[in-house]
There are 2 protein chains.
Amino acid sequence: MARDAQATRERLVASARKAFSERGFERTTVREIAAEAGVNPALINRYFGGKEQLFAEAVSIDLAFPDLSGVARDRIGHALVEHFFRRWEGDAQDDLLRVLIRTAATNDEAASRIRGVLAEQVGMMVTRVAGPDRARERASLIATQILGLAYARYVIGLSDGDVAPQTAIAMIGGTVQRYLFDALP
Amino acid sequence: MARDAQATRERLVASARKAFSERGFERTTVREIAAEAGVNPALINRYFGGKEQLFAEAVSIDLAFPDLSGVARDRIGHALVEHFFRRWEGDAQDDLLRVLIRTAATNDEAASRIRGVLAEQVGMMVTRVAGPDRARERASLIATQILGLAYARYVIGLSDGDVAPQTAIAMIGGTVQRYLFDALP
DNA sequence: CGATGTTGTAAACATGTGTTTACTTACGGC
DNA sequence: GCCGTAAGTAAACACATGTTTACAACATCG
């Protein structure tokens, strides 16, 4: 292994995530990604086969739900919203949920990826916390609210002045709580 | 006025809306728009000055909130969600909210347009229905939920199987109701 | 009917971008 | 220490796409 191909690959993936999260798929050029990684654009084709495949590789998301076993049952919704805020407030500009939200608008692969995450990860979490009864519907409802929050903040650009974190955690936490436990019609 | 330039303009705007709502800004080409309108691509530049300006002209949105004066105070949230569902279930493939949601992901003009709509139209509606007290925060909270619903259905592609309209109207209506009237922290 | 200006078209132009090809550079085993 | 192979680069290629230019068709008015 000469001149560390592994490290170069990883740097390309990291640059790709950052770029895609800022500008989406089409507005990001392979030249930008390569420049950010300090490397030649041709390597993207050598290592990944092309822009599409690099994207697919760069986007494998793990929502990393926190351990909710110690959380009071009537505070789970709030804890979840808090979890996402902490995730987003961090300076991880390459947060994968952000990448996907921005990219899904014009890229079917990304949209499909989000559907998968909903079905698997959110569905699992709901089942564990609230039982399997209509877990899919509950997960979808929660998704509409959490995706909407992320979209409003990071795509539309709503600021803390519009939705203060404290207010959001309280109110949207209450919403998630309802979607988890309230009776569905 | 020979050979009806006005009608051609309008056909171009209509084609543009449809294309932008399906594929977003960057993935839509002026040649597609012109072909759909049955006209030469050069006319886009003649009439609008370019793709950017056509987009700006194609996207002027009016949420057209229904008259809520006859609705019981505890059913306003549900009425609003029902309003949006009716709007979307119709075959208006060129619905402007859909255009904006998809395009805002990579187009600042569209994102800014949505911010304006929130501040003006949703803010006004909230003020009229619930009074001016913290109307901006309430409007933003409502926006996160409604945008998220639209995003989940039309970008991610969640189906009626994931979020049945009936369930959504009941549960999300209740959420909007809370964001309108519940005490904020 | 003919002059005129508007509407529309066809083709060329300029450029940005993903990808390929041919070449150079550096590491590591013999 | 040399040499083969992997890592990296530079330049060219192919093509899509927004835009411009030169020209044709057509309605309207004198």
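Note on naming: letters A, B, ... go to the chains in the order of the sequence lines (proteins, then strands), and numbering restarts at 1 for each one. Since this is a predicted model, take the numbers as computed values, not measurements.
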| message | With a 4.5 Å cut-off on side-chain heavy-atom distances among I, L, V, M, F, W and Y, is there a chain of contacts connecting B/Val71 to B/Met124? | response | no

| Which sits closer to the 5' end of DNA chain D, B/Gly49 or B/Arg46, going by the nucleotide each is nearest to? | B/Gly49

| query | Does A/Thr8 place a side-chain N or O at less than 4.0 Å from the phosphate oxygens OP1/OP2 of D/dA7? | reply | no

| request: For A/Arg23 and C/dT17, give me the distance from atom CZ to atom C1', rounded to whole Å. | output: 14 Å

| query | Where along residues 29-36 of chain B does a heavy atom fall under 4.0 Å from DNA chain D? | reply | B/Thr29, B/Val30, B/Arg31

| query | Hey, are the side chains of A/Arg153 and A/Phe85 touching, using non-hydrogen atoms and a 4.5 Å cut-off? | reply | yes

| said: Counting the atoms with a prime plus P, OP1 and OP2 as sugar-phosphate, which does A/Tyr47 contact under 4.0 Å by heavy atoms, base, sugar-phosphate, or nothing? | reply: sugar-phosphate

| side-chain N/O B/Asn45 vs D/dT19 OP1/OP2, d < 4.0 Å | yes

| Judged by atom type as modelled, is there a donor-acceptor pair below 3.5 Å linking the side chain of B/Arg138 to the main-chain atoms of B/Asp182? | yes

| B/Pro41 side-chain proximity, nearest of C/dT19, C/dA10, D/dT19 | D/dT19

| To the nearest angstrom, how far is B/Leu12 atom CG from D/dT19 atom P? | 14 Å

| said: I'd like to check A/Glu32 versus A/Arg23 (side-chain heavy atoms, cut-off strictly below 4.5 Å). Are they in contact? | reply: yes

| A/Phe48 CZ - D/dG8 P separation (whole Å) | 12 Å

| Whole-Å gap separating P (C/dG18) and CD (A/Gln53) | 13 Å

| task | Could you state the atom-to-atom distance from CG of B/Leu43 to P of D/dT21 in whole Å? | result | 16 Å

| How close or far is atom P of D/dA6 from atom CZ of A/Arg9, stated in whole angstroms? | 16 Å

| request: In whole angstrom, give the distance that lies between atom CD1 of B/Ile44 and atom P of C/dT7. | output: 17 Å

| said: Just the rounded figure in Å: distance from P of C/dA14 to NZ of B/Lys51. | reply: 21 Å

| Parallel, tilted or perpendicular for B/Tyr154 and B/Trp88, by the 30°/60° rule? | perpendicular

| task | Assess whether atom CD of B/Glu109 is packed by more than 12 heavy atoms of other residues, nucleotides or ligands within 6.0 Å. | result | yes

| query | Do you see a donor-acceptor pair shorter than 3.5 Å between the side chains of A/Ser21 and A/Arg102? | reply | no

